[in-house]
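To start, the structure under review is shown below, and the notes come after it.
Convention: sequence-line order gives letters A, B, ...; per-chain numbering from 1.
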Amino acid sequence: MKPSFASILMGGAGAIAADIAPRLDDEYARGQAAIVGLLMTLVAQEADRAADTLSLESVAMRAIFAEAAKQQLPDQLRRRLLQMAEAPPAENFTVSALEELVMPMKALLIELHEALEDRADAWARPLEKKVWDVLCLGADHRSLYLPIL
Amino acid sequence: MLTRQEIDRLLGFLERALPDVTKVGVGNIARVHSGVSRETYSVDLQYTDKRGDHARGLLIRRDLGGGLRARERAIEHAAYRSFFGKGVPVPEPFALVEDASVLGGPFLILDRIEGHAPSIFQPDPYGGRRETTGRDFFAILGAIAAADPYDTQLPGVVDTPAAEDCWRRELDHWERVLARDSLEPQPIAAAAIRRLRRNPPKAPPRLAVVHGDFRKGNFMIDAQGRIVGVLDWELAHIGDPMEDLAWALDPLWAGETQLAAGLLDWREAIEIWQSASRRVFNAEALNWWSLFSHVKGIAIWTSAARAYHDGRNQDPILAFTGWYCAARHNKMIADRLASAGDGMLL
């Protein structure tokens, strides 16, 4: 067994808080060390889940785009929704590659969301809810807590 | 840290700024952990004039960010001059120096206030005197809202909107900041901005001075928990007083508590604010400005992340706020707008 990213980073943050910061004479340096320690705890929380969050968002957005492309939306928007829904799936699962993949999807999601808000049709509300579902999914999965160090 | 040459130039400036001075010295120069957009130094000044020897503790707040920062520093200086000695505890401003040849950028010199700034990172920074600090917090916020903006020096450095345009001016500004600095599309903030534009608040009956960043971390307390200094006025402007109240009440500053600003019971907080401000609390307007505060927060954190990403300023606090605070505000907006429909806070 090898230590996980999270345990290494949390261990490092603990060492900064307990062993390093108290030995620093300068108040400013102590404050900076504390923030670096906190940043390490954030990375510890995000490292393992970041790619998963992006993958889940990508799948959920594609499903919304496919459904929305069948609705009475402007032709130009429908074409782009379909294009994005049918784009090749991710082949590179690094966080940076997934971020590149998801970025144009988020831009298109903003456009779709605004278009849905402007529609009074009954079909628009469940789709709008699905947009909020994927936005909440991203916000929930990226939630961070601040440990007391 | 300040270099030897910068300290020499600072001494030269102080010699010119202090009247009839015969001898000037500075010592105990230490960088203070404060703020994300500037360097703050604590300096002990000693000088001699015809009245004798003097010692004075100073804070020097230096910006290296160019023109925009110079304007912010001028706003902050005008706010300190407006409120010093007038019921809102602020440090006495000593000088605003816009000449970049002294310290490489504009800087502000303030009298140092003895106390400490409760940090957003501390779970209980009030040492058992939370309620004392809380009562001061909302009374001071009310006192700022009570001031007539035309009796301050702010109209000389910031514009004065029509009352019905306060919300639009602020929203336009922070939307522009988001558009300028975002590193990725922000669908949650975009949805909140659309919601805010579709449901504008009523105009305030009277304009007020808005501190713009009144929260934990931007005030100093003494050993008894009394607030002895309100700092960081660079976002001060003239607008709707509910804007300041909403920002102060943003859950981000409350930590894990359900208290108003992490300090007081909500009812008591609002009663104190109403009494001190001599204004009527408007729950609908607060609700609008509260959602606006989340958007403004995201814009500020986005700018911090951008500065860090671009290498313009790699202070780790920028990475922290650009990540943690943005994640918190995104979640707050998503929770409010996805579930209730009207996104009500109260």
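- Within the 4.5 angstrom heavy-atom criterion, no atom of A:V134 approaches chain B.
- Within the 4.5 angstrom heavy-atom criterion, no atom of B:I193 approaches chain A.
- The candidate with the highest count of non-hydrogen atom pairs below 4.5 Å against chain B, out of A:E99, A:R30, A:E46, A:H113, is A:H113.
- The backbone N or O of B:N199 sits less than 3.5 Å from a side-chain atom of B:W288, completing a donor-acceptor pair.
- If you measure heavy-atom distances from B:Q186 to chain A, the contacts under 4.5 Å come from the backbone alone.
- Annotation: maximal heavy-atom pairing with chain B below 4.5 Å, among A:E128, A:E27, A:E117, A:K106, occurs at A:E117.
- Residues B:V230 and B:P91 approach most closely at O-CD, 3.9 Å, considering heavy atoms.
- Heavy atoms closer than 4.5 Å to chain A are found in the side chain of B:R194, but not in its backbone.
- Between B:D250 and B:K216 there is no salt bridge, since no side-chain nitrogen of the basic residue lies less than 4.0 Å from a carboxylate oxygen of the acidic one.
- For a residue to count as touching a neighbouring chain, one of its non-hydrogen atoms must lie under 4.5 Å from one of that chain's; by this rule A:D133 does not touch chain B.
- Of the listed residues (B:A190, B:A191, B:S119, B:P316), the one with the most heavy-atom contacts under 4.5 Å to chain A is B:P316.
- With chain B as partner, the option from A:L109, A:L135, A:I110, A:V102 having the largest number of non-hydrogen pairs under 4.5 angstrom is A:I110.
- With a threshold of 4.5 angstrom between heavy atoms, A:E114 approaches chain B through its backbone and through its side chain.
- Of all heavy-atom pairs between B:M1 and B:I29, the closest is CE-O, 3.9 Å.
- Between the side chain of B:R31 and the backbone N or O of B:Y41 there is no donor-acceptor pair closer than 3.5 Å.
- Using a 30° and 60° split on the angle between ring planes, B:H329 and B:W253 fall in the perpendicular class, above 60°.
- The heavy-atom pair separating A:L98 from A:A90 by the smallest distance is CD2-CB, 3.8 Å.
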